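These figures come from a predicted structure and were not determined experimentally.
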Amino acid sequence: MIMRRRPANPSTSARFAVGGAQAVSEAEARNIASYNALRLWRTLADNGMCTALADDVQIPLPMPIDGLSSAASALRYFERKQEVLANNLANVSTDGFKQQRVFARLMDSARPAADATSDMSGGALRQTGSPLDVALDTDGFIVVSTATGERYRRGGSLRMDLTHRLVDESGRPVLGRKGPIVLDDSPVEISTTGEVRQHDTVIDQLRIERAPAGTSLDREGSTLFVPPTKREPAAPDAVHVKQGFLEDSNVNSTGALVDMIAVQRAYASAQKAIIEIDAVHETAATELAKPL
Amino acid sequence: MNPALRTAATGMAAQQTRTEVIANNLANVNTTAFKRSRAQFEDLLYQTMQGPSVLGGPDTSTAPSVQVGRGTRLAAVQRLQSQGPLEETQRSLDVAIDGEGFFQVQLPNGNTAYTRDGSFQISDQGVLVTSDGYQVGNGIKVPSDVADIGISPTGIVTATNTGGQSVEIGRIELARFVNPSGLTALGQNLYSETPASGEATVGYPQDDGIGRLIQGHLEGSNVEIVQEMVDMISAQRAYELNSKAVKTAEDMSDVATQMVR
């Protein structure tokens, strides 16, 4: 009996004959369940139930490709992707929301893992006419102060709290160059550079920061982002604050729907793969194991 | 259970709230000085499925952490204080505010409420009141022999008697807020002051950023039917999309359970 672990030509029609009675094709065994088949063979041989493995056959350990765990990883990956798509769709009308994209990354030779990135492209700006609605027309974030430190957000529907500080919807102080911005009851003007004016005098300037290119910001809910370790203020000429505007969610709902259909089909395919691999295993366990 | 089910359900609930707000706007399309509202949402907390990981050797890149959000929730229902259209009524006691400001109204409990609805009347006591009978300002007493009432753009109220003599009987003051969207709606076109709105700054019309009064006009609702219809369509579609996400999550669970033969 001649056996090669990795034949040069996959179309080789050589067959693993077990005990001369049952056989699985080389391609099947190599691609799907060779690990299990070879291990089973060795077990059978050790018990004297079939001929021993050729001396040059080595069962690769750990097995680089295991169909079942590959397919299971695929299922997990598509579930994760569906969760992210559902979150994108749930936030289709959340102002300042940035959609997430999910990519598959090969964890090892054959198992996908989910990687998510934020799509930081700008959403459409919508005019509200409310003087404390602030949107950024460029890259960048305004900075708010929270109990757990400073956080970024893309503008928002601001208001004044009891102590006359400028705060966001949930009462987090919006930070200017000099810290929290304290207003009086007169009309507020916010210039395109972020200068906050009352009675024609500049009270403070909104702190606008940007994340260095290529950094991915962690999210914290309430459309807040965690600033990166390396922070930089946005260049003054790259800041364009728009008063009386809000930024729509940038979720592409059609794209999400198409992705969701694709996810569903791919999920079903991975499930089919598991069923097929299981069928091969069943054959190996029931048919191959028949005593001579 | 697939968490996507719950996530999509929060999205459906959000769109339902949005539709309710739109329905209220549409119901008030002919309400004097009505201000349209819009629902605002924020995303929920994120679950970090895996922290940032370093790929390969020391010189290679870092994969960012994978965070999965768990849906959306209502953050606020914001009222948009844009000017409504001025509609001519030719009634001398109809007054519209062109610009910022609110009429002050005395509630029976002694509190002050604010309104932009200037369809005034004269009560049986001879006092200027709103259409619901609340006293306007500190009470402007109108003489019984009045033939005509004039209200100037700066708020001066003059009464002309049957003999043709004019006399100034009071002045309407307006209140202004730094963030009028923060006022609480009381119904009956009335608003009350809140910490979010800031304190009222009272002044005469046309002074320091306060609008002017226009007699014989009323401010219409600022609801734009086309805008509301477009929003309603988009809310309906978003609702459908989220229901598809529920369906997909359910189908995937179904596929998963079919694996066990």
When you look at [atom1] of [X], are more than 12 heavy atoms from neighbouring residues, nucleotides or ligands closer to it than 6.0 Å?
{"X": "R265(A)", "atom1": "CZ", "answer": "no"}
{"X": "E87(B)", "atom1": "CD", "answer": "yes"}
{"X": "I225(B)", "atom1": "CD1", "answer": "no"}
{"X": "E195(A)", "atom1": "CD", "answer": "yes"}
{"X": "R101(A)", "atom1": "CZ", "answer": "no"}

Looking just at side-chain N and O atoms, do [X] and [Y] make a donor-acceptor pair shorter than 3.5 Å?
{"X": "R116(B)", "Y": "Q83(B)", "answer": "yes"}
{"X": "D184(A)", "Y": "Q198(A)", "answer": "yes"}
{"X": "N189(B)", "Y": "T115(B)", "answer": "no"}
{"X": "E83(A)", "Y": "N87(A)", "answer": "no"}
{"X": "N250(A)", "Y": "S121(A)", "answer": "yes"}

Can you tell which part of [X] gets under 4.5 Å to a heavy atom of chain B, answering side chain, backbone, both or neither?
{"X": "S130(A)", "answer": "side chain"}
{"X": "L85(A)", "answer": "neither"}
{"X": "S170(A)", "answer": "side chain"}
{"X": "L158(A)", "answer": "backbone"}
{"X": "V263(A)", "answer": "side chain"}
{"X": "Q82(A)", "answer": "both"}
{"X": "P187(A)", "answer": "both"}
{"X": "E169(A)", "answer": "side chain"}
{"X": "R153(A)", "answer": "neither"}

Give the member of [options] that has the highest number of heavy-atom pairs under 4.5 Å with chain B.
{"options": "L217(A), D133(A), V251(A)", "value": "D133(A)"}
{"options": "A116(A), P131(A), S157(A)", "value": "S157(A)"}
{"options": "E220(A), M260(A), R159(A)", "value": "M260(A)"}
{"options": "V167(A), T223(A), V92(A)", "value": "T223(A)"}
{"options": "M160(A), K272(A), R219(A), H164(A)", "value": "R219(A)"}
{"options": "F78(A), Y267(A), F97(A)", "value": "Y267(A)"}

Chain A contact via [X] - which portion, at a heavy-atom distance below 4.5 Å:
{"X": "S82(B)", "answer": "neither"}
{"X": "L44(B)", "answer": "backbone"}
{"X": "A235(B)", "answer": "neither"}
{"X": "Q78(B)", "answer": "side chain"}

Assess whether a salt bridge exists between [X] and [Y], defined as any Lys/Arg side-chain N lying under 4.0 Å from an Asp/Glu carboxylate O.
{"X": "D95(A)", "Y": "R38(B)", "result": "yes"}
{"X": "R237(B)", "Y": "E240(B)", "result": "yes"}
{"X": "D115(A)", "Y": "R105(A)", "result": "yes"}

* Asked: Which of the residues D254(B), D251(B), V246(B), T194(B) is involved in the greatest number of heavy-atom pairs with chain A at under 4.5 angstrom?
  -> D251(B)
* Structure fact -> Looking only at A39(B), G11(B), A9(B), the option with the highest number of non-hydrogen pairs under 4.5 Å against chain A is G11(B)
